[in-house]
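Only one structure is covered here, and it is reproduced in the block below.
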2 protein chains.
Amino acid sequence: MKQAKAERIDTANGILDVAEHLVQVRGFNAFSYADVARELGLTNAALHYHFPSKAELGEALIARYAVRFAGALVEIDESLADPLRKLDAYAELYAEVLRSHRMCLCGMLAAEYETLSSGMQDAVALFFEKNEKWLAGVLRQGRDDGTLRFTGSAIEEARSIVSSLEGAMLIARSFGDIKRFQSAASHLLTAIRP
Amino acid sequence: MKQAKAERIDTANGILDVAEHLVQVRGFNAFSYADVARELGLTNAALHYHFPSKAELGEALIARYAVRFAGALVEIDESLADPLRKLDAYAELYAEVLRSHRMCLCGMLAAEYETLSSGMQDAVALFFEKNEKWLAGVLRQGRDDGTLRFTGSAIEEARSIVSSLEGAMLIARSFGDIKRFQSAASHLLTAIRP
DNA sequence: GTCTATAGGCAGATAGAC
DNA sequence: GTCTATCTGCCTATAGAC
């Protein structure tokens with residue numbers, strides 16, 4: 001009763017799915033509306049109906065990705081209590097992305113940062129900040145209950161972890177070698193065990 | 001006596017200079033021959049004389065960058081003996097790049113990896129491997145003389161360091177904040193002090 | 001070595017019919 | 001919502017004169 005005509009599922013989301021994949025594999029500047037349209041059996045013009053400009057598509061892409069990521073963090077908080085296990089689960093989020101031969105969406109966009117609309121730039125920075133804040137919370141919890149040990153402030157440690165994971169993804173992709181990422185991630189988590 | 005007509009200095013190198021800057025700031029897929037030609041007061045066609053295809057330009061770019069980087073590593077080896085100081089100097093190479101608002105050339109290309117010619121792909125991977133091998137050597141030296149301490153193998157630690165530095169650059173650029181990089185770098189080096 | 005001129009294609013985007 | 005048709009502009013690349 002909600003929709004008179006049920007589309008493929010939801011065209012706008014289908015566009016976002018395909019575009020997201022293309023950005024994560026090739027980058028924002030290396031895919032076109034035509035690439036997405038072809039994949040969905042639509043035309044260029046149909047895409048412009050849903051997302052009038054490429055910048056708007058890009059902003060929608062980050063917004064949806066950020067919401068999904070935030071949801072994953074909530075799920076970790078609800079299902080795990082031990083800070084060290086939370087960090088493991090966090091690193092596993094990255095590993096999953098890498099397994100599908102993708103780069104983190106915002107990590108990819110960070111490389112292309114200078115070419116993005118200001119709306120996209122702000123959204124990318126916000127994504128990293130939210131990740132860092134969540135991680136800092138976990139780190140504080142671990143330091144307080146004695147399950148984690150690190151030097152410096154929690155936010156500094158959090159930034160260091162996000163940087164390392166993004167960098168490990170970036171380079172592992174150049175070698176088509178997920179083990180490189182896994183090794184870097186476990187090294188990172190070993191270092192903060194007491 | 002060497003050249004009948006001394007050019008601006010050397011057109012091919014001037015092209016590489018401008019292209020390198022554009023790639024490090026915007027990415028390989030976000031600059032054009034026209035961008036470079038405009039900057040140098042040349043035409044599109046003149047660039048194609050020196051670098052027939054964009055892929056060949058890209059390969060020359062990485063080759064020159066890799067040689068320059070290798071030279072910097074030799075200089076570190078010749079001027080510093082202490083492994084910890086060598087690592088400091090290594091991180092400083094990255095900091096210098098970041099200060100000019102650039103990403104590491106190969107870090108940028110790693111993001112765009114899937115869109116590169118196979119020649120460029122191989123050269124990017126080789127760049128990282130050479131860096132890792134050099135770093136592993138420094139780490140072994142430090143472990144042997146007791147100035148460094150780390151868990152796992154030297155090559156694993158080296159990969160972890162390269163990943164972290166590249167990731168820290170990537171993200172620091174999104175915040176226009178070099179201190180973010182400095183903080184991550186010093187955190188990294190503090191962690192391997194005995 | 002560098003130029004003018006141009007080919008041929010693809011990019012993002014819009015108008016208007018259905 | 002999706003289509004066809006089309007615009008304008010930029011892209012990489014080449015031919016041939018100087």
Side-chain angles (χ1 to χ4, degrees), chain A residues 2-23 25-62 109 112 114-121, chain B residues 2-23 25-62 109 112 114-121:
Chain A
K2 277 189 183 153
Q3 307 167 275
K5 195 209 303 184
E7 302 97 4
R8 221 175 320 271
I9 284 174
D10 178 329
T11 304
N13 263 305
I15 292 168
L16 290 174
D17 288 340
V18 176
E20 182 179 271
H21 184 254
L22 285 167
V23 174
V25 173
R26 301 174 51 83
F28 192 74
N29 293 319
F31 88 96
S32 69
Y33 271 54
D35 294 328
V36 180
R38 197 180 310 119
E39 179 75 23
L40 292 171
L42 292 175
T43 58
N44 211 311
L47 269 65
H48 276 282
Y49 169 81
H50 295 280
F51 302 99
S53 74
K54 201 181 175 185
E56 286 167 275
L57 170 57
E59 284 156 33
L61 231 31
I62 307 172
L109 295 175
E112 301 177 289
E114 290 298 325
T115 70
L116 305 180
S117 71
S118 62
M120 287 183 71
Q121 290 183 333
Chain B
K2 275 187 186 157
Q3 306 167 277
K5 196 209 299 181
E7 301 96 8
R8 221 176 320 272
I9 283 173
D10 177 329
T11 304
N13 262 305
I15 293 167
L16 290 173
D17 288 340
V18 175
E20 182 179 89
H21 183 254
L22 285 167
V23 173
V25 172
R26 302 174 50 85
F28 191 74
N29 293 318
F31 89 96
S32 68
Y33 271 55
D35 294 328
V36 180
R38 197 180 310 118
E39 180 75 22
L40 292 172
L42 291 176
T43 60
N44 212 314
L47 268 66
H48 277 282
Y49 169 79
H50 294 280
F51 302 99
S53 75
K54 202 180 176 187
E56 285 167 276
L57 170 56
E59 283 156 33
L61 231 32
I62 308 172
L109 295 175
E112 302 178 289
E114 290 298 327
T115 71
L116 305 179
S117 70
S118 63
M120 287 184 71
Q121 290 184 333

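Keep in mind that the numbers below use all heavy atoms, side chains included, and drop hydrogens, waters and symmetry copies. Per chain, numbering begins at 1; letters A, B, ... match sequence-line order.
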Could you please name the option among [options] that lies closest to any side-chain atom of [X]?
{"X": "A:Leu42", "options": "D:dC3, D:dT12, D:dC11", "answer": "D:dC3"}
{"X": "A:Ala45", "options": "D:dA5, C:dT2, D:dA15", "answer": "D:dA5"}
{"X": "B:Lys54", "options": "D:dC3, D:dA13, C:dT2", "answer": "D:dA13"}
{"X": "B:Ala34", "options": "C:dA13, C:dG1, D:dC11", "answer": "D:dC11"}

Report yes if a side-chain nitrogen or oxygen of [X] is closer than 4.0 Å to either non-bridging phosphate oxygen (OP1 or OP2) of [N]; otherwise report no.
{"X": "B:Ser53", "N": "D:dT12", "result": "no"}
{"X": "A:Thr43", "N": "D:dT2", "result": "no"}
{"X": "B:His48", "N": "D:dA15", "result": "no"}

Smallest separation among heavy atoms of A:Ala60 and A:Phe51, with atom names
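In this case the closest contact between A:Ala60 and A:Phe51 is CB-CE2, 3.7 Å.
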Please report, rounded to the nearest Å, how far the [atom2] atom of [N] is from the [atom1] atom of [X].
{"X": "B:Phe31", "N": "D:dC10", "atom1": "CZ", "atom2": "P", "result": "17 Å"}
{"X": "A:Tyr33", "N": "C:dA13", "atom1": "OH", "atom2": "C1'", "result": "9 Å"}
{"X": "A:Asn44", "N": "D:dC7", "atom1": "CG", "atom2": "P", "result": "16 Å"}
{"X": "B:His50", "N": "D:dT14", "atom1": "NE2", "atom2": "P", "result": "16 Å"}
{"X": "B:Leu47", "N": "D:dC11", "atom1": "CG", "atom2": "C1'", "result": "14 Å"}

Select base, sugar-phosphate, or nothing to describe what [X] touches, counting heavy atoms under 4.0 Å on all strands.
{"X": "A:Phe51", "value": "nothing"}
{"X": "A:Ser32", "value": "sugar-phosphate"}
{"X": "A:Tyr49", "value": "base"}

Distance in Å, [X] [atom1] paired with [Y] [atom2], rounded so as to fall on 0.5 Å steps:
{"X": "A:Met120", "Y": "A:Glu112", "atom1": "CE", "atom2": "CD", "value": "8.0 Å"}
{"X": "A:Asp35", "Y": "A:Asn44", "atom1": "CG", "atom2": "CG", "value": "10.0 Å"}
{"X": "B:Asn29", "Y": "B:Leu116", "atom1": "CG", "atom2": "CG", "value": "7.0 Å"}
{"X": "A:Tyr49", "Y": "A:Thr43", "atom1": "OH", "atom2": "OG1", "value": "13.0 Å"}

